[in-house]
**Q** 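One structure, pasted below without further comment.
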Amino acid sequence: MIEIVATHAVVPVQQTVPLLEARGRVLASSVHSAIDVPPFDNSAVDGYALRSADSRLASLTVVGRIAAGDPAPDEPLEAGTAIRLFTGAPLPPGADCVVMQEDVDLDGSDLVPARVKSGTLLPGSNVRPKAQDIASGNTVLEAGQLLQPRHLGLLASIGQHSVPVFERLKVGLLSTGDELVEPGWPLQPGQIYNSNRYLLTSWLQSIGCNVIDYGIIADTPEASISCLERASREADLVISTGGMSVGEEDHIKAAVEQLGELGFWKIRMKPGKPLAFGLLGKHRKIPFLGIPGNPGAAFVSSLVFARPLISWLQGRGVSESSPDRRLQMLRPRAERLPAAFTRDKPSIRRDFLRARIENGRIAPFDNQSSGMLMSACWAEGLAVVPEYDSVAEGQLLDFYRLGSFDDS
Ligand SMILES: Nc1nc2c(c(=O)[nH]1)N[C@H]1C(S)=C(S)[C@@H](COP(=O)(O)OP(=O)(O)OC[C@H]3O[C@@H](n4cnc5c(N)ncnc54)[C@H](O)[C@@H]3O)O[C@H]1N2
Ligand code: MOO
C-alpha cells in the first residue's frame, strides 16, 4: 500500500504558522539554530561564583551580586573574591565554578566554604556552559518531524516564533448505508446511528487532518460514483466506511474501479476483512481507503492501516534516508506481553483483539464482535494473535497501546 502511495504521492505544500499553532503539524524543512543555547556560561544553582582554586581558602570576600537577567560584569573576578549569584545568572569572567549557598557560611562580606569537601569544587562545577544544549549552526529538528509540545519548546529556545509546516491533509470522509441515521434523530425500525462518522471525524481532526465530510451516501452506484468523483477532486485522501463487503448493496468497490484502480481488496485480518485500498482519479491520483462498516472493524483498521498511510501523506519522516526506514519509523511500537487467556482454535486471519493489561498480562474484552464499540472504549490497546496460531496462557504476544499509533 505504502509503495503505491510513495509512487504517486507528492510532497505536501508548505506554509508558515505561528509556533503556538504548530502542535500536531509536520515540520516542512529542517531547522538550524542561529544561536548558542544557553547563550552564555551561567550558574546551575543559587550560590557564589569563584575561582575553583580558591575553594581551599579559609574565607573569600564577596564583591558583588548578579541576578538572572543581569549582564555579566566586564571586570574579571580577582583571586580571593566571590560573587553572589542566582540560578541562570551569567558567570562573571575569571570565575570557573559556583558553590551552592547551602555549603558556605556568610560572615558579613566574608564567605567561608565551611561544608565544601576538599577536591569537590572543580572548574565547571555547577556551571552550565554556553552552547551546552545547542551550538549555533546545529540542526535541531529534521523535516518530517511531528511537532509535539516538547519540539515547540525547543524551537522557542532558539528564538523561533514561527515554523514551516506542511499543509493539513484534506481527508474526504463518507459513510455508506441506507440504515444509517445521524444522532439526534429518532430511529425507525431497521435503522442504526452513524457512529463511524463521529469516531473517524474526531480522530482525523485529532491527528491534524482537515476533514471534508460528505455525510451519508445512498447505497446506489450513482451516489457512490458521484461522491467519490467529487472527493477525488477535493481531497488528498478519501476514506469511506461500509459498502466494502460482497452484498448487492455494496457499491463502493465498483465505483473505485470505475474512477481509478483498486490496489487490493480483502485482507486476512480480524476485524477488517473487506478493507480496500485504491487510487482515485485519472491524472492526479489520490489514495482511497475503504474501511469496513462494522464500527469495531472501522476502529481497528483506521489505526492499523489509515494511521501509517496518513502519516506518510502528512510528510512525516521525509528526511529518512529510504522509504523502508521511513516506514519503519512510522510503525507503532509493540510490547511483548504474556497472554492471560488461551485460544485453541487458530484462525486464518490475524486477530487484533481489543484488550487491556491486567497484572502484566493481556486480557481481551469478552466479546470481540466487530459490530461493537464498547470493546474499543474498554481497551487499552490491540493484542495481535498471528494467523494460524493458537494461544497458550503465558504466551508472548505483540501488544500495541492505543497511544502508540498516534505517538509513533
Ligand atoms: N457474505 C459475507 N458477508 C459479510 C462478509 C463476508 O465475507 N461475506 N464479511 C463480513 C465482515 S467481516 C464485515 S467487517 C462486514 C463489512 O461490511 P461492509 O464494509 O460492506 O459494511 P456494511 O455492510 O455497510 O455494514 C456492516 C455493518 O456495519 C454497520 N455500519 C455500517 N456503517 C456504519 C456506520 N457509519 N456507523 C455504524 N454502523 C455502521 C452496518 O449497519 C452493518 O451492521 O461485512 C460482513 N458481511
Ligand atoms: O472483518 Mo469483519 O470486521 O470481522 O467483522
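Counting starts at 1 for both ligands and their atoms, following the listed order.
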**Q** Minimum heavy-atom separation for Val98 and Leu121, please, with both atom names.
**A** O-CD2, 3.5 Å
**Q** Considering all heavy atoms of both residues, which atom of Gln15 and which atom of Glu167 are nearest to each other, and what is their separation?
**A**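 Looks like OE1-CA, 3.8 Å.
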**Q** When only distance counts, is Glu179 in polar contact with ligand 1, meaning an N/O pair under 3.5 Å?
**A**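 By distance alone, the answer is yes.
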**Q** Decide if atom CZ of Arg115 counts as having more than 12 heavy atoms of other residues, nucleotides or ligands within a radius under 6.0 Å.
**A**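 Yes - once you tally the heavy atoms of other residues, nucleotides and ligands closer than 6.0 Å, there are more than 12.
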**Q** Decide whether the shortest distance between a heavy atom of Pro295 and an atom of ligand 1 is less than 4.0 Å.
**A** yes
**Q** Does ligand 2 have a heavy atom under 4.0 Å from the side chain of Pro271, from its backbone, from both, or from neither?
**A**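 The answer is both.
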**Q** Which atom pair, heavy atoms only, marks the closest approach of Asp406 to Leu146?
**A**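 Closest approach of Asp406 to Leu146: O-CD2, 4.1 Å.
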**Q** Please say whether Met244 places an N or O atom under 3.5 Å from an N or O atom belonging to ligand 1.
**A** yes
**Q** Between Arg326 and Glu320 (salt bridge meaning N to carboxylate O under 4.0 Å), is one present in this structure?
**A**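 Between Glu320 and Arg326 there is no salt bridge, as every charged N stays at least 4.0 Å from the carboxylate O atoms.
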**Q** Return the closest protein heavy atom for atom 39 (C) of ligand 1 as residue, atom name and distance.
**A** Gly293 O, 3.4 Å
**Q** Pairs of nitrogen or oxygen atoms closer than 3.5 Å, one from Leu180 and one from ligand 1: do any exist?
**A**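 No: no nitrogen or oxygen of Leu180 is under 3.5 Å from one in ligand 1.
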**Q** Hey, which of Gln314, Arg168, Lys170 is the one that makes side-chain contact (heavy atoms from CB on, under 4.5 Å) with Cys209?
**A**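 By the side-chain contact (heavy atoms from CB on, under 4.5 Å) criterion, Cys209 pairs with just one of Gln314, Arg168, Lys170: Gln314.
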**Q** Taking a cutoff of less than 4.0 Å between a non-hydrogen atom of the residue and any ligand atom, is Pro271 in contact with ligand 1?
**A**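 Under 4.0 Å: no for Pro271.
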**Q** Who's closest to atom 24 (O) of ligand 1 heavy-atom-wise, of Ser370, Gly177, Gly243?
**A**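 Shortest heavy-atom distance from atom 24 (O) of ligand 1: Gly243.
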**Q** Is the closest basic N to carboxylate O distance between Asp213 and Arg197 below 4.0 Å?
**A** yes
**Q** If you count the atoms of ligand 1 from 1 in the order shown, which ones are under 4.0 Å from a heavy atom of Ile192?
**A** 37 (C), 38 (N), 39 (C), 41 (O)
**Q** Just wondering, more than 12 heavy atoms not from Lys282 lying within 6.0 Å of its NZ?
**A**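 Enclosed.
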**Q** Out of Gln368, Arg349, Lys273, whose heavy atom is nearest to atom 4 (O) of ligand 2?
**A** Arg349
**Q** Students should be able to answer this: which protein heavy-atom is nearest to atom 15 (C) of ligand 1, and at what distance?
**A**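 Looking only at protein heavy atoms, the one closest to atom 15 (C) of ligand 1 is Asn294 ND2, 3.6 Å.
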**Q** Which residue and atom name correspond to the protein heavy atom nearest atom 35 (N) of ligand 1, and how close is it?
**A**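 Checked against all protein heavy atoms, atom 35 (N) of ligand 1 sits closest to Asn194 OD1, 2.7 Å.
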**Q** Is it true that Arg65 and Asp70 make a salt bridge, defined as a side-chain N closer than 4.0 Å to a carboxylate O?
**A**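 No salt bridge links Arg65 with Asp70.
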**Q** Below 4.0 Å, non-hydrogen atoms only: which portion of Ser195 touches ligand 1? Side chain, backbone, both or neither.
**A**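 Answer for Ser195: both.
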**Q** Under a heavy-atom criterion of less than 4.0 Å, does Gly272 contact ligand 2?
**A** yes
